[in-house]
2 protein chains.
Amino acid sequence: MNVPQGKSNGEIDRPARRVGRPTTTVLTRSLIAEAALRLLDESGADGFTMSRLAQALRVRPSALYNHVDGKEDVIAGVRELISDRIDVSAFATEPWDKAMQQWAYSYRVAFATHPPTIALLATLPVRGARRTLRMYDTVVAAMVRAGWPEEEVLSTIVAVESFILGSALDAVAPGDMFDPAGEEARVPSFASAYAARAAAIGATPPADGAFAIGLHAILDGLRARFGEITAGHSEGRFGPGGKAAKAPTSA
Amino acid sequence: MNVPQGKSNGEIDRPARRVGRPTTTVLTRSLIAEAALRLLDESGADGFTMSRLAQALRVRPSALYNHVDGKEDVIAGVRELISDRIDVSAFATEPWDKAMQQWAYSYRVAFATHPPTIALLATLPVRGARRTLRMYDTVVAAMVRAGWPEEEVLSTIVAVESFILGSALDAVAPGDMFDPAGEEARVPSFASAYAARAAAIGATPPADGAFAIGLHAILDGLRARFGEITAGHSEGRFGPGGKAAKAPTSA
DNA sequence: ACCTGAACACCGTTCAAGT
DNA sequence: ACCTGAACACCGTTCAAGT
């Protein structure tokens, strides 16, 4: 068990590597990121250690440090892998609200495909997020083009994203987290609503319903706001500046 | 530095305690939770270890295990401390939408007062959340009383909560996380919107604006949905069951 | 009942030695 | 340039010994 590589662990058998630079490349930053994502999916966030990652790559833990800055950097690599799968293409063809809805669902799916990463990525601040920046640029450009005031777009996007992230965290929480079994007398309204929901949704995950309701509501609210703005008297509701919304100037 | 208690560490001087049961109570579950919250505020989530917690309580780490199940249980205690400060009183007196708004702001403040706890509590599933259940019961009861269909309330509440939690995570992220400095050419729309936002909000934290916009939008959307429901033809938009909304029956 | 002290099985990270 | 192997300074948790 404390022998680092063995025939018994489902790994390919091979002779142990000796000290010194290997003759063929065994590690790269992206190989590490991919192995990390696989390890996360298999063993969860708790089982995700540098040792286990090294083991999966048939290497000693210290070898990883030739390619990444540390564990946080590995996680940053995983983030890139996942955010590459978020689809912003709808912003090129659809109206802003429909595009945002497709974006939100794609965002959710990208996370949901790898549940253990959600808490990890939610928690760890983004570093060197070049690709994430590109994604934002696409969304911002489309919103401004549609007529959203430039000083309000970012906050609007962040608001939607916050909802998506919060929903992803909710989706990953154990389903029976709030099962009121045995407490019906203490929390009668809750228990009754819990039973009513269970009866209504059947086998679909509860988190899906909350996501649909919330996304629909937030987009509805944003559409109303957009209507106010484009109706003409577009004094910002937020921010002390009170700057009038500018006409779209960029892109 | 490796002497566990010393005169040099800002702690009260006192003779070392000997082995054996202490004559006066030195630890309780709630003393541990309070010390944990203090430690979190002072040293952040990374500095929050059982050793440091024990040190703050002038005790050996193993002593903690007489009162809590482990680190996760300590965090559960911290959660109770914080969620006790979330104010649901508005649901007793205000219309559901205004109450929900006050609840959301109170929720946000409770977290924002202790930033390092946000990631910790967002990530860790709730265990034995008796008090949290009580909070939900209050909210559910008020919503049903107002006329929300019972099978939809829970998802609606969870949606709002997801937004609040996501926003809290956003608020705790480093402010310059997406500063496009030096990348203006690569992401021109984003850079322009970033500058416009900065000019508009002045010194207020960007996360505050996103929270205000998002909460307003989601409540706007929920009001619209509520209007549809109470207008009569209240077939649920969600869930395959297609059950007609029931008249409020409980509390 | 509830503390200390010692021990266990881990962590992430650094760095010299080796090719 | 890039691996191994050894070492460092931690972790969280368990448990016997002691009062």
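Quick caveat, the model's predicted, so the values are computed rather than measured. Naming convention: chains lettered A, B, ... in sequence-line order (proteins, then strands); numbering from 1 in each chain.
- Residues passing the ring-ring contact (aromatic ring centres under 6.0 Å, His included) test with A:Y136 are B:F178, B:F190, sequence neighbours excluded.
- One interatomic measurement links the two molecules: CZ of A:R29 to P of D:dA1, which rounds to 19 Å at whole-angstrom precision.
- Side chains of B:R134 and B:V88 form no contact here, defined as non-hydrogen atoms less than 4.5 Å apart.
- One can place CG of B:N66 at 7 Å from P of C:dC2, the figure rounded to the nearest angstrom.
- Contact check, B:H67 against C:dC3: a side-chain N or O comes under 4.0 Å of OP1 or OP2.
- For A:Q55 and C:dC11, the CD to C1' distance is 14 Å, given to the nearest whole Å.
- A:R197 pairs by the salt bridge (Lys or Arg N to Asp or Glu O under 4.0 Å) definition with nothing, not counting sequence neighbours.
- Nucleotide C:dC2 holds its C1' atom 14 Å from the CG atom of B:L57, rounded to whole Å.
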Pairwise N/O distances under 3.5 Å, protein to nucleotides 12-14 of chain C:
| unit_1 | atom_1 | unit_2 | atom_2 | d |
| --- | --- | --- | --- | --- |
| C:dG12 | OP1 | A:M50 | N | 3.2 |
| C:dG12 | OP1 | A:K71 | NZ | 3.2 |
| C:dG12 | OP2 | A:M50 | N | 3.0 |
| C:dT13 | OP2 | A:Y65 | OH | 2.6 |
| C:dT13 | OP2 | A:K71 | N | 3.0 |
| C:dT13 | O5' | A:Y65 | OH | 3.2 |

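- Evaluation of the salt bridge (Lys or Arg N to Asp or Glu O under 4.0 Å) rule for A:D208 yields A:R108 as partners, not counting sequence neighbours.
- Regarding contacts with the backbone of C:dG5, a side-chain N or O of B:R60 is found under 4.0 angstrom from either OP1 or OP2.
- The nearest whole Å value for the distance from the CG atom in A:L64 to the P atom in D:dA1 is 19 Å.
- Under the salt bridge (Lys or Arg N to Asp or Glu O under 4.0 Å) criterion, A:D41 pairs with no residue, sequence neighbours left out.
- Residues meeting the salt bridge (Lys or Arg N to Asp or Glu O under 4.0 Å) test with B:E34, sequence neighbours left out: none.
- Applying the ring-ring contact (aromatic ring centres under 6.0 Å, His included) rule to A:F211 yields the partners A:Y105, A:F163; only residues at least two apart in sequence or on another chain are considered.
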In dot-bracket, 5' to 3', how would DNA chain D read with Watson-Crick or G-U wobble pairs under 3.5 Å, [ ] for crossing ones and | for pairs to another strand? ||.|||||...|||||.||
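- The ring-ring contact (aromatic ring centres under 6.0 Å, His included) test applied to B:Y65 returns no partner, not counting sequence neighbours.
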